[in-house]
> 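Let me give you the structure first, and then I'll get to my questions.
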Amino acid sequence: ASSESSQELRSKQAGQVWSLLATYAGGKRSDVAGPACEYLEKTFAEHIDSVIAQYPREANVGGVPSVHRKIQGYLKVHFARSYAPEFLEAFENEAIWAHMYMLYRCGYASELLKYALDLEDVIVESDPGFVAHLKAFINGAEQIRSTTATTNTSLQDPYKAALYRVIGRGNVPKKATAEVTQTTEDYMWAHLAMVRDSAKLTAAGQPCSTLKSLQELILKFGPGHFDSNGANPLLYFRVLLLSGLFAHAIDYLVRVDQYQAEAVHVAIALADMGRLSVPGDDPAGTFANFLVEEGGKTSLDFTKLLVHYARALPPTMADDAAQYLLLLTLKALGTTDAAHDRQNRLCQQAFIHVLYENRQYTHYLGHVNPEGTRVRGYLEKYMPLMGLRNSEEFSQNIITKLADHSRDEGRLTDTVMLYNLAERHSAVLNVLNKQLGEVLFLRSTGRESEAGELADIEGIARTVLRHYRNQDNVSRDLDTNAVMTCNTLLEVIDFLRAYDRRSYEQALNCVEHTGLLPLTGDVTQATQHADRIRTLDDAITKNFSLILLTAMDTLLQLYSGLKESAFLDTVKQSNMLMLRRKARGLMVFAGMIQFRMQPDTYAKLNRMDVFMN
């Protein structure tokens, strides 16, 4: 894929990044130096071909050149047009040490050994033990002779010094190779080759590099060392990748606006290869930093990175954003069941938060058709990628939890729709009951203006209750207490509305129909009603002060109307007596439940009762 898309990338260096990742994809997860060296060797061989193609006359390599002809042609151009050291050891006008170094630099180890064997009679004059050492080093002998360069071996030729250093032929000082390792790629290869071959170098009794020491050095240098004016951030990014500092590389590049997309997609590729370390616990922090320090180990908050990227996509790419979130459960992100469970949970949480923000519930979660059957949405077909086994788990872990979140944030309409979609019909009624109770309580505390913001709750509750009653498969599974509570609260609203219209007889009929108050005129029933309060929902009991006061005032208004009437017949006297009995029953009842009412409720009731007696 990296080679086929190279022409479409914004820069050659972007293509080089993907080529490097392709090399990493073919290696073991734990190996950094091996694939990194392989990539640097391959790209250097490509560089040689490019130079020869650019200067064919100077290179003069012929029609189908061998590896050696290419090296010879490249060195001609390089020494003529770029740089030639002051001293080169040559044989028949060929810089043999430069030639051998270039072969090794391109990864042609077997060609290097054959070349050295062919010229052994020449090389032995400079270093009698070199060819034997090279053969043992390349063949990976268990024990490489610990032989340093002889005292009469000159290291004036920088290519000779550079080759000696990477194959452990003597303790060569870094400055002796400075003329050869002038580019970033040469510098990185020289270090990584010594990391790759550390076992061989140790066997030879020579200094070797460790990946950790190289990483510390690269981080110490920082981006300014490789890109002083900040014009080429991909260079330092590639250096970090070559060093195995994958988390640091992503964190560095994602801060560069023009390369945020590259940073995210490289992170995805690394995560899929199992080369990206992610936190073991839920890290705290902000989007300003994606690195997490944990137990002396640096990892990348891959979840935060993808969520940040997905949320930044325009609304027209909402489906693409969902696909990015699904990558949070890449198998290579964890090696244990606990780690996989954690990534599944993070993925599910990410979807809940994103859906809460965009509210595109029908498209992503589905809907309920007029027949009462749930139609699946876009996300449900990706359940396995979220760690969910079936529609029931999808409903429980995504839809229901999203409904819970909407409920907690006060989004009534969303909450009702989501619980209904999750087929948690009793939960719908419980939410509506709570909201209805809140509206009534705001009224009782004189905060009608706030209650007005929830005026549509009653309409929703009546519609939902009617709809559920008409669905046999739903109605038989409803919680009877939730249904009773909803019916009672709606009846209380009818009672209050009639009272507000001064339709006191209708109001009295409504409140009697609720069965909440002892209004039969039989005082002995007060105890039964008081005992029943313990079984009622809080949405009702928290509003008993409002219900009692309004009921008592309803009785008072009816009583006053009769009292002021000019007629003095037996029916009038009987009705007034009945109203007083009802009021007395309310007072007895109120005395039994004072602890459930607002402090001044009983006093207000008592004053109204006095007016009636």
Side-chain angles (χ1 to χ4, degrees), residues 307 310-311 313-326 328-329 344 347-436 454-479 482-483 486 490:
V307 170
R311 291 175 64 185
L313 293 175
T316 54
M317 296 181 67
D319 285 357
D320 296 300
Q323 294 296 328
Y324 282 103
L325 295 182
L326 289 170
L328 293 175
T329 60
N344 290 338
C347 177
Q348 294 163 21
Q349 289 175 350
F351 272 112
I352 290 170
H353 288 119
V354 169
L355 287 170
Y356 179 80
E357 289 178 352
N358 65 34
R359 304 174 91 164
Q360 297 183 36
Y361 307 131
T362 301
H363 174 63
Y364 290 106
L365 302 178
H367 66 279
V368 179
N369 62 23
E371 291 75 33
T373 304
R374 188 165 75 84
V375 179
R376 290 186 173 191
Y378 175 83
L379 284 181
E380 201 156 346
K381 58 186 174 183
Y382 297 108
M383 288 187 299
L385 298 182
M386 290 183 268
L388 302 171
R389 293 171 294 183
N390 48 51
S391 295
E392 184 178 348
E393 286 192 357
F394 180 81
S395 177
Q396 179 180 347
N397 289 279
I398 302 296
I399 304 176
T400 299
K401 289 185 178 179
L402 179 58
D404 292 343
H405 187 50
S406 298
R407 176 201 61 202
D408 296 341
E409 295 298 322
R411 286 187 180 177
L412 177 64
T413 303
D414 289 7
T415 304
V416 170
M417 189 274 287
L418 290 166
Y419 276 137
N420 188 61
L421 185 61
E423 298 180 337
R424 293 191 58 193
H425 305 108
S426 294
V428 172
L429 294 182
N430 288 331
V431 169
L432 290 171
N433 291 341
K434 182 178 180 181
Q435 293 297 322
L436 288 170
L454 302 172
D456 61 336
I457 298 173
E458 177 196 350
I460 295 174
R462 293 185 189 278
T463 301
V464 168
L465 199 58
R466 182 169 57 251
H467 175 72
Y468 284 175
R469 283 170 175 163
N470 293 333
Q471 299 285 336
D472 291 339
N473 60 321
V474 174
S475 61
R476 61 172 169 260
D477 293 329
L478 289 175
D479 178 20
V483 175
C486 191
L490 292 174

> Are any of the side-chain heavy atoms of Phe394 and Leu365 separated by less than 4.5 Å?
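Heavy-atom side-chain distance check passes, below 4.5 Å.
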> Are Leu429 and Asp479 close enough that some pair of their side-chain heavy atoms sits under 4.5 Å apart?
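SC-SC contact between Leu429 and Asp479 ruled out.
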> Can you tell me if Tyr419 uses its side chain to pair, donor with acceptor, with the backbone of Ser426 under 3.5 Å?
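No.
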> Could you check whether any side-chain heavy atom of Arg359 comes within less than 4.5 Å of a side-chain heavy atom of Asp414, counting everything from C-beta outward?
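Yes. Closest side-chain heavy atoms under 4.5 Å.
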> Quick one: closest heavy-atom pair of Ala322 and Leu379, and the distance?
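Smallest interatomic distance, heavy atoms only, reads CB-CD2, 4.2 Å.
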> Roughly how far apart are Leu465 CG and Asn433 CG, rounded to 0.5 Å?
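The CG atom of Asn433 is 9.0 Å from CG of Leu465, to the nearest 0.5 Å.
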> If you define the side chain from C-beta out and look only at heavy atoms, does anything of Thr463 sit under 4.5 Å from Arg466?
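Yes, at least one pair of side-chain atoms sits under 4.5 Å.
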> Once the angle between the rings of Tyr378 and His363 is folded into 0 to 90°, is it parallel (under 30°), tilted (30 to 60°) or perpendicular (over 60°)?
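Plane angle under 30°, so parallel.
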> For Leu432 versus Ala461, what's the shortest heavy-atom pair and its separation?
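Leu432 and Ala461 have their closest heavy atoms at CD1-CA, 3.8 Å.
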> Between Arg407 and Asp404, is there a salt bridge with N-O shorter than 4.0 Å?
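Answer for the salt bridge query: yes.
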> Are the side chains of Arg411 and Tyr356 in touch, meaning some heavy atoms are under 4.5 Å apart?
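The answer is yes; the side chains approach within 4.5 Å.
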> Check Ser391 against Glu380 and note the closest heavy-atom contact, atom names and distance.
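For Ser391 and Glu380, the tightest heavy-atom pair comes out as OG-OE2, 2.7 Å.
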> Going by heavy atoms in the side chains, are Asn420 and Tyr468 under 4.5 Å from each other?
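The answer is yes; the side chains approach within 4.5 Å.
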> Please report the shortest heavy-atom distance between Met386 and Thr329, naming the atom on each side.
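Residues Met386 and Thr329, closest heavy atoms: CA-CG2, 4.4 Å.
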> How many angstroms lie between CD in Glu392 and OG1 in Thr400, if you round to the nearest 0.5 Å?
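If I round to the nearest 0.5 Å, the distance is 10.0 Å.
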> So how far is it from Leu313 CG to Gln323 CD, rounded to the nearest 0.5 Å?
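Here the interatomic distance stands at 12.0 Å.
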> Locate the shortest heavy-atom distance separating Leu388 from Gln348; write the atom from each residue and the value.
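Taking every non-hydrogen atom into account, CD2-NE2, 3.5 Å.
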> Would you give the length of the straight line joining atom CZ of Arg376 to atom NZ of Lys381, rounded to the nearest 0.5 angstrom?
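Here the rounded value is 11.0 Å.
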> Kindly compute the distance separating NZ (Lys434) from CG (Leu436), expressed to the nearest 0.5 Å.
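Interatomic distance, Lys434 NZ to Leu436 CG, rounded to 0.5 Å: 12.5 Å.
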> Is there a side chain to side chain contact (heavy atoms under 4.5 Å, CB included) between Leu402 and Phe351 once you walk through the steps?
CA-CA 9 Å; Leu402 179 58; Phe351 272 112; over 6 Å; no
> Looking only at heavy atoms, what is the nearest atom pair of Arg374 and Leu421, with distance?
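Minimum heavy-atom contact is CD-O, 2.9 Å.
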> Less than 4.5 Å apart, any side-chain heavy atom of Tyr361 and any of Ile399?
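Not in contact.
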> Between CG of Asn430 and NE2 of His425, what distance do you get to the nearest 0.5 Å?
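Here the interatomic distance stands at 13.0 Å.
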